[in-house]
> 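Okay, here's the structure, questions in a sec.
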Amino acid sequence: MYLELQKKLGDHLRAVLKQKYDLDVENIPLEIPPDLKFGELSSPIAFELARKLRKAPKVIAQEIVEAIGPLEGFAGFDVAGAGYINARFDRTAATRAVAGGVTSTSSSAGLHALVEHTSINPNKAAHIGHLRNAILGDTFVKLLRAAGQKVDVQNYIDNTGVQVADVVVGFQHLQGKSLDEVRALIASCEKSTDYAGAFDYYCWDLYARTSQWYGEGTEEEKAAHKKLRLDTLHEIEHGGNDTAEMSELISTSVLRRHLETMLRLGIEYDFLPRESEILHLKFWDAAFEQLKKTGVLYFENEGKNKGCWVMTRPGAAETEGVDEDAKVIVRSNGTVTYVGKDIAYHLWKFGLLGKDFGYKPFFKYADRDCWISTEHGVEPHPHFGGAQAIYNVIDSRQSDPQANVIQALRGMGYTEQADRYTHFSYEMVALTPRCAVDLGYDVAEEDLSRSYIEVSGRKGFGVKADDLIDKLIAATRAETDARQTGRDDVERHKIAGQIAIGALRYFMLKYTRGSVIAFDFKDALSFEGETGPYVQYASVRIKNIFRKGNTTADAALAEYAELAASDPARLAPFFAGEENEDIWALWLRAARRTLVLEQCIATSEPAYLAKHAFQLAQEFANFYHRHHILTEEDRAKKTFLLATAAVALRELVLSLEWLGIESPEAM
RNA sequence: GCGCCUGUAGCUCAGCUGGAUAGAGCAUCAGACUUCGAAUCUGAGGGUCGGGGGUUCGACUCCCUCCGGGCGCACCA
């Protein structure tokens with residue numbers, strides 16, 4: 001509603017400026033004023049025009065206001081301060097529109113988007129850093145879908161990389177395990193009833209131990225370890241041997257665990273493209289041809305990159321002679337680098353490669369399958385890729401390689417695709433030194449004074465995702481047991497789970513992407529203040545009101561619509577005047593939903609929605625304490641208060657839903 | 001050395017394309033439950049927005065510079 005009125009006012013002001021001053025102003029600045037006494041929308045346009053028109057801003061504002069005339073949806077306009085033009089909404093009309101839930105469709109509706117997130121190396125348990133990635137990605141998917149976009153969700157699996165190789169080395173050379181023994185171990189782990197006994201946890205430790213082992217012993221031994229690692233990697237990449245088979249077993253089993261962990265948070269995927277298929281289906285060969293033909297890649301005959309196929313880095317200055325700084329895509333031994341494979345993969349994402357994966361079902365969700373890539377797939381199968389816009393949820397450390405891929409697409413002439421390629425970058429999750437010490441890690445002296453320490457799967461340093469979720473559930477369960485004495489075990493379990501996940505998802509979403517999260521159990525396990533449970537609690541309170549009042553939100557809204565139609569004058573006093581500003585503020589907040597959604601998508605920033613949900617909850621709590629609804633004697637007033645609660649509930653539930661957070665029935 | 005990010009209350013963070021009096025949460029202190037459930041609310045204290053220049057009618061926001069943190073800059077993935 002806010003967004004619609006904002007557009008309307010912008011268009012109208014543009015017409016007024018054209019007519020009155022013969023000025024074409026493309027972008028009319030419109031903002032939400034800091035205080036309701038300034039109205040609901042405000043424009044400082046008069047300041048900008050002052051120089052051009054050689055008049056005082058206040059005079060210009062005055063002239064514009066006089067020329068505005070009546071505009072549907074607005075009650076009036078006035079000049080304030082040194083020349084602000086303030087617009088006041090027609091409150092009755094506005095509340096009717098909000099109560100009716102009318103919203104315009106997003107400009108991006110119908111777009112086919114592809115979001116890639118999670119992408120954990122399948123060689124160890126997921127940790128809190130991976131949770132941030134998955135929660136950001138999953139939430140963004142929900143936002144795009146809310147805007148009417150068609151979204152494919154992908155989780156890229158690097159199953160042939162050095163990280164999986166490290167665990168294979170651990171099994172083969174540290175533990176001397178055979179293929180059958182690893183198979184048996186996996187089978188026994190899958191029977192484990194707790195996470196500590198699960199295979200991804202087992203690999204967590206083994207991976208850390210192997211990583212350490214590489215650096216142990218004499219120089220010759222270290223060299224031998226490194227060679228083992230490289231040989232193992234090559235055997236895996238090549239395929240068709242026991243090492244590759246062991247790697248396949250490990251990565252598939254760990255991947256399954258990752259999907260289970262993410263499912264605990266309600267996170268699902270459509271498709272899991274794997275590196276092994278990108279290799280075996282020769283995606284690179286197809287990309288290489290295009291890259292050569294378009295001149296993006298050139299063969300270097302001189303300098304330190306002699307014998308390689310290289311590309312110019314983004315933003316590189318035009319240089320005479322040899323570009324020593326160029327990015328190597330094909331090594332002098334003919335093998336392709338990571339960025340090269342990534343270019344091929346991204347051509348596929350946009351449907352520009354001319355090749356496709358094979359597909360087979362891999363993991364069952366309640367109502368559908370998650371598909372995985374394979375060389376020879378099944379028929380029929382859904383088709384993925386060929387998207388118009390893509391979002392890669394990858395931490396900020398990978399911005400250089402991501403920029404290389406975009407540069408390559410642009411160089412190949414795929415300008416539109418390059419423009420719709422978003423590196424959805426975010427900062428890592430780290431542990432506070434205190435948290436690390438509490439967890440029993442040896443913390444180096446120099447790290448104790450730092451504000452945070454980076455988590456590291458290689459070092460086995462971090463908080464595992466399932467452990468954190470378990471801890472959260474234990475904490476919420478204790479509260480639920482104390483509060484919900486009238487409910488049975490099943491209900492309590494459900495509620496505790498909803499709150500725990502709500503707390504976790506909100507915690508990961510409340511920070512903007514560029515901020516490092518210094519993880520601490522005290523903050524993550526908090527259910528008060530700016531948290532998921534606070535927002536959930538507001539929705540529960542509203543549900544309680546309707547339950548106690550023996551009515552529903554829908555009924556309240558219908559009754560309000562009826563009253564607004566038959567006797568609008570009766571309603572006006574309820575949201576007019578100083579003493580009712582808090583109620584009006586709540587309606588206005590509710591009206592901002594689409595505005596916030598568009599802002600989140602435009603900036604790839606889900607944190608704005610988290611903030612919006614919190615503010616909505618906060619304003620409701622405020623309202624809740626000031627107005628007692630069910631004991632209200634005035635019939636019309638009660639209808640109005642109930643409608644207010646109904647609108648707040650609808651917006652809270654919807655906002656939470658977009659954040660991937662459920663609204664419990666009680667808590 | 002080059003590039004990107006970052007510095008806002010004791011702590012953790014917001015601050016929309018430059019706009020009106022810089023906001024939350026936590027923590028601290030003082031209050032509010034026979035009420036639609038207190039996982040809540042009310043109030044208080046707490047700020048040279050890292051320093052200095054500049055652009056502008058107007059700068060937390062843009063530019064320059066310095067200081068302090070972080071991360072990238074492989075023929076590794």
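Letters A, B, ... are given to chains in the order of the sequence lines, protein chains preceding strands, and every chain is numbered from 1.
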> Using the test side chain to side chain donor-acceptor pair (under 3.5 Å), find all partners of Thr243(A) that sit at least two apart in sequence or belong to another chain.
Gln172(A), Glu235(A)
> With heavy atoms under 4.0 Å as the rule, sort Gln615(A) into base, sugar-phosphate or nothing.
nothing
> Base, sugar-phosphate, or nothing: which does His627(A) touch, judged by heavy atoms less than 4.0 Å apart?
base
> May I have the distance from Glu31(A) (atom CD) to G15(B) (atom P), rounded to whole angstrom?
16 Å
> Tell me which nucleotide among C26(B), C36(B), A39(B) gets nearest to the side chain of Lys522(A).
C26(B)
> Please tell me which of the listed nucleotides, A39(B), U12(B), U35(B), lies nearest to the side chain of Arg483(A)?
A39(B)
> Quick one: label Phe527(A) by what it contacts on the DNA or RNA (base, sugar-phosphate, nothing), any heavy atom closer than 4.0 Å.
base
> Between atom CG in Asp523(A) and atom P in U12(B), what is the gap in whole Å?
10 Å
> Glu530(A) has an atom CD; how far is it from atom P of C13(B), in whole Å?
12 Å
> Within the 4.0 Å limit for protein heavy atoms, which parts of nucleotides 68-77 of chain B are touched? Write it as a string from 5' to 3', B for base, S for sugar-phosphate only, - for none.
--SSSSSBSB
> If you take any heavy atom closer than 4.0 Å to RNA chain B, which residues from residues 594-607 of chain A end up in contact?
Gln599(A)
> Can you tell me if His628(A) is stacked onto the base of C36(B), using a 5.5 Å centroid cut-off and an angle below 30°?
yes
> Is there a donor N/O on one and an acceptor N/O on the other, under 3.5 Å, for the side chain of Thr476(A) and the base of A39(B)?
no
> Going by side-chain contact (heavy atoms from CB on, under 4.5 Å), name the residues that satisfy it together with Phe299(A), two or more places apart in sequence or in a different chain.
Asn301(A), Trp309(A)
> What dot-bracket string describes RNA chain B from 5' to 3', counting Watson-Crick and G-U wobble pairs whose defining distances are under 3.5 Å, with [ ] for crossing pairs and | for pairs to another strand?
(((((.(..((((.....[...)))).(((((.......))))).....(((((..]....)))))).)))))....
> Distance to the ring centre below 6.0 angstrom and angle to the axis at most 45 degrees; does that hold for Arg541(A) and Phe620(A)?
no
> Atom CZ of Phe620(A) to atom P of C36(B): distance rounded to whole Å?
14 Å
> Does this structure show an ion pair linking Asp481(A) with Arg477(A), if we count only N-O contacts that are shorter than 4.0 Å?
yes
> Contact class for Phe614(A) (heavy atom, under 4.0 Å): base, sugar-phosphate, or nothing?
sugar-phosphate
> Would you classify Lys37(A) as touching base, sugar-phosphate or nothing, given that sugar-phosphate means primed atoms plus P, OP1 and OP2, and contacts are heavy atoms under 4.0 Å?
base
> Flag the pair Ser251(A) / Ile157(A) as yes when at least one side-chain heavy-atom distance between them is below 4.5 Å, and no otherwise.
no
> To the nearest Å, give me how far apart CG (Leu30(A)) and P (U17(B)) are.
14 Å
> Answer with base, sugar-phosphate or nothing: what part of the nucleic acid does Asp342(A) contact at a heavy-atom distance below 4.0 Å?
nothing
> Would you please determine if the base of A20(B) is stacked by Tyr84(A), with stacking meaning a centroid separation under 5.5 angstrom and planes under 30 degrees?
yes
> Could you tell me which residues satisfy side chain to side chain donor-acceptor pair (under 3.5 Å) with Glu116(A), sequence neighbours excluded, listed by chain and number?
Tyr345(A), Lys349(A)
> Report the nucleotide, chosen from C36(B), U21(B), C13(B), that has the shortest atom-to-atom distance to any side-chain atom of Ser515(A).
C13(B)
> Between Thr118(A) (side chain) and Ile120(A) (backbone), is there a donor-acceptor pair under 3.5 Å?
no
> Rounding to an integer number of angstrom, what distance separates A38(B) and A44(B) when you compare their P atoms?
23 Å
> Considering every strand and a 4.0 Å limit on heavy-atom distances, what is the contact class for Leu49(A): base, sugar-phosphate, or nothing?
nothing
> Contact class for Thr631(A) vs. all strands (heavy atom < 4.0 Å): base, sugar-phosphate, or nothing?
nothing
> Using the P atom in both, what is the distance from C73(B) to U12(B), to the nearest Å?
28 Å
> Indicate yes or no: at least one non-hydrogen side-chain atom of Ile128(A) is less than 4.5 angstrom from one of Val455(A).
yes
> Round to a whole Å and report the spacing from OH of Tyr534(A) to C1' of A38(B).
12 Å
> Think Arg513(A) forms a cation-pi with Phe424(A), using NZ or CZ under 6.0 Å from the six-ring centre and within 45 degrees of its axis?
yes
> Looking only at side-chain atoms of Ile499(A), point me to the closest of A20(B), U40(B), A39(B).
A39(B)
> Using modelled atom types and a 3.5 Å cut-off, is there a donor and acceptor pairing between side-chain atoms of Glu665(A) and backbone atoms of Val540(A)?
no
> Rounded to whole angstroms, how far apart are OH on Tyr506(A) and P on U12(B)?
19 Å
> When we call it a touch if two heavy atoms are under 4.0 Å apart, what does Thr480(A) touch: a base, just sugar-phosphate, or nothing?
base
> Calculate the interatomic distance between Tyr608(A) atom OH and C13(B) atom P; express it in whole Å.
16 Å
